[in-house]
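Comments concern the structure below.
Predicted model only: the values in this text are computed from it and were never measured.
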Amino acid sequence: MSPFTGGLPRARAVLGERFGHAAFRVHQIRVLGPLLAGRSVLAVLPTGAGKSLCYQLPALLADSLTLVVSPLISLMQDQVGTLRRRGVAAAYLNSLLTAAERRTILDAALGGRVRLLYCAPERLGSLVRNLGQSGTSVSLFAVDEAHCIVEWGNEFRPVYRQLGKYRYLLKHPPTLALTGSATPATRAEILRVLRLQQAEVVMTSFDRPNLAFAVERVADERTRFARIRRLIRDVPGHTIVYTPTRRLTELVTRALLRMGVRAAPYHAGLCAETRREVLIEFLRDRVPVVVATSAFGMGIDKADVRQVLHWGPPRTLEGYYQEAGRAGRDGGPAHCRILWRPADFAWTECAPETRSYVSRPVCRRRMLLAYFGEALRHCSGCDRCPGSPPGRQGNALPVGPVAG
């Protein structure tokens, strides 16, 4: 039996009452249909598709707690603040809270006074134990940024590999796994780790027709920096420059500042307060350029980034598409460019498909979409296909059947 009352008709009413939207997007209905019927779903939806609504709205139709596992502290804080302003009893558990604050929130959740609870992965074990001991049931178990099961699961955040065990301890609630990009192999691994053998898989096209992709070979470091500086000058709006190391992040930032560019560094070596200040300055348009490692990106709600530049080849195409996807979230034209030289491969551990992407004389967009299992009729913008500016309508076709 489904733990959600009213199904899609009630969901449509709540959509207007609490979220102020007149109608669902098509892919949201494809996710919510099976989910509200009590079935688990893996949803692979692009940036800006409204993924968070797919668990926030069911939480208001559920007969008990909705638990959301997220690695993104800033996202938790922003979403909980917004939900509370809409009258939703939401809270989060993460490392920024004191022990007393965490105890207060846990007591509220166990007492039924929290409808939707966000939890950092590292807090999940103790939370699940407390839920089990108190007999508190979970109506919906949501895993945001589910590709981290593969990307981070073995090293940086091993708790991701245990999510299937925690789902079992929660007595197999309907589960929603969400990600913005995932290869066929990644999708299969997410389903295996979460033990979702019968889950619906909902996908939309990975194509972002408003993004133009380019790769540029440079002769040396001086040339690479000069090119980045020129691109920042010539492309109005906000820019993210991704670098492979913390040291390079600091060096590039200082060089830009000396040239009169308002820039700030962002990497995991900075304290949490400094990272938050940089994020706020970027979101409020006070700093137009952020130079960052891969620590910067997921959950960053900045719609008008006009270009994403990579200092060297990315490690994987999957990671690159996540980072490049920070550009153009408002639907306007944006540019994604990799600047590289052969010496980069001596100190960057790149997957074979990344080497092919930067060096082969074929359509960049076609290669990216093929990596995610899609075919492309016509390119809407890349340096290998001149005369196709970004902004045309999407034209990608899935390769093989799409479930959901």
Checking side-chain polar atoms at under 3.5 Å, does Gln77 have a donor or acceptor matched by the opposite partner on Arg276?
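Yes - a donor-acceptor pair under 3.5 Å links their side chains.
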Will you find, in the side chains of Asp107 and Thr104, an N or O donor that is under 3.5 Å from an N or O acceptor?
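No, Thr104 and Asp107 have no side-chain donor paired with an acceptor closer than 3.5 Å.
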Minimum-distance pair of heavy atoms, taken over all atoms of [X] and [Y]:
{"X": "Ile105", "Y": "Leu117", "answer": "CG2-CD1, 3.9 Å"}
{"X": "Cys336", "Y": "Leu211", "answer": "SG-CD1, 4.1 Å"}
{"X": "Arg364", "Y": "Asp383", "answer": "NE-OD1, 2.9 Å"}
{"X": "Arg366", "Y": "Arg377", "answer": "NH2-O, 3.9 Å"}
{"X": "Leu257", "Y": "Ala263", "answer": "CD2-O, 3.5 Å"}
{"X": "Ala199", "Y": "Leu191", "answer": "CB-CD2, 4.0 Å"}

Compare all side-chain heavy atoms of [X] with those of [Y] and state whether any distance is below 4.5 angstrom.
{"X": "Tyr92", "Y": "Ser70", "value": "no"}
{"X": "Phe372", "Y": "Val44", "value": "no"}
{"X": "Tyr118", "Y": "Leu83", "value": "yes"}
{"X": "Trp311", "Y": "Leu248", "value": "yes"}
{"X": "Met259", "Y": "Phe225", "value": "yes"}
{"X": "Ser95", "Y": "Arg123", "value": "yes"}
{"X": "Thr179", "Y": "Ile149", "value": "no"}
{"X": "Ser126", "Y": "Arg102", "value": "no"}

Enter the distance from [X]:[atom1] to [Y]:[atom2] here, rounded to the nearest 0.5 Å.
{"X": "Arg113", "Y": "Leu65", "atom1": "CZ", "atom2": "CG", "answer": "12.5 Å"}
{"X": "Thr136", "Y": "Leu170", "atom1": "OG1", "atom2": "CG", "answer": "10.5 Å"}
{"X": "Ser137", "Y": "Leu67", "atom1": "OG", "atom2": "CG", "answer": "11.5 Å"}
{"X": "Met76", "Y": "Gln79", "atom1": "CE", "atom2": "CD", "answer": "10.0 Å"}
{"X": "Leu127", "Y": "Glu122", "atom1": "CG", "atom2": "CD", "answer": "13.0 Å"}
{"X": "Ser139", "Y": "Leu61", "atom1": "OG", "atom2": "CG", "answer": "10.5 Å"}

Audit row: Arg161, Val193, side-chain contact (heavy atoms from CB on, under 4.5 Å) steps and yes/no
CA-CA 6 Å; Arg161 307 298 292 184; Val193 170; 3.9 Å; yes
Compute the ring centroids of Tyr371 and Tyr357, then answer whether they are less than 6.0 Å apart.
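For Tyr371 and Tyr357, the ring centres are not under 6.0 Å apart.
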Going through the distances and angles, do Met367 and Cys382 end up as a side-chain contact (heavy atoms from CB on, under 4.5 Å)?
CA-CA 11 Å; Met367 288 187 67; Cys382 88; over 6 Å; no
Taking NZ, NE, NH1 and NH2 as the nitrogens, is one of them in [X] or [Y] under 4.0 Å from a carboxylate oxygen of the other?
{"X": "Arg10", "Y": "Glu17", "value": "yes"}
{"X": "Arg192", "Y": "Glu189", "value": "yes"}
{"X": "Glu374", "Y": "Arg365", "value": "no"}
{"X": "Arg262", "Y": "Asp285", "value": "no"}

Among Leu309, Val278, Thr243, which residue satisfies the side chain to side chain contact (heavy atoms under 4.5 Å, CB included) criterion with Val291?
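Testing each of Leu309, Val278, Thr243 against Val291, the sole residue satisfying side chain to side chain contact (heavy atoms under 4.5 Å, CB included) is Thr243.
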With under 30° as parallel and over 60° as perpendicular, where do the rings of Tyr168 and His172 fit, or are they tilted in between?
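Plane angle over 60°, so perpendicular.
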For the residue pair Tyr321 and Phe206, categorise the inter-ring angle as parallel (less than 30°), tilted (30 to 60°) or perpendicular (more than 60°).
perpendicular
Can you list every pair that meets salt bridge (Lys or Arg N to Asp or Glu O under 4.0 Å) and has a residue in residues 226-238, with sequence neighbours left out?
Glu216-Arg227, Arg230-Asp234
What do the steps show when you test Arg12 against Ile29 for side-chain contact (heavy atoms from CB on, under 4.5 Å), and what is the final call?
CA-CA 10 Å; Arg12 288 190 177 95; Ile29 293 177; 4.1 Å; yes
Would you say the side-chain atoms of [X] pair up with the backbone N or O of [Y], donor to acceptor, closer than 3.5 Å?
{"X": "Arg208", "Y": "Ala327", "result": "yes"}
{"X": "Thr66", "Y": "Leu116", "result": "no"}
{"X": "Arg315", "Y": "Ala351", "result": "no"}
{"X": "Arg326", "Y": "Gln322", "result": "yes"}
{"X": "Asp344", "Y": "Arg341", "result": "yes"}
{"X": "Arg115", "Y": "Leu60", "result": "yes"}

For the pair Thr82 and Arg85, evaluate side-chain hydrogen bond (donor to acceptor under 3.5 Å, both in side chains) and give the outcome as yes or no after the intermediate values.
CA-CA 5 Å; Thr82 300; Arg85 288 192 292 273; 3.2 Å; yes
Residues Ser294, Glu323; criterion side-chain contact (heavy atoms from CB on, under 4.5 Å); working and verdict:
CA-CA 8 Å; Ser294 58; Glu323 291 166 358; 3.3 Å; yes
A quick test of your reading: do over 12 heavy atoms of other residues, nucleotides or ligands sit less than 6.0 Å from CZ of Arg247?
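Incorrect, the count does not exceed 12.
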Check His335, Gln307, Arg306 against Thr239 for a side chain to side chain donor-acceptor pair (under 3.5 Å) and give me the one that passes.
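With Thr239 as partner, side chain to side chain donor-acceptor pair (under 3.5 Å) holds for just one option, Gln307.
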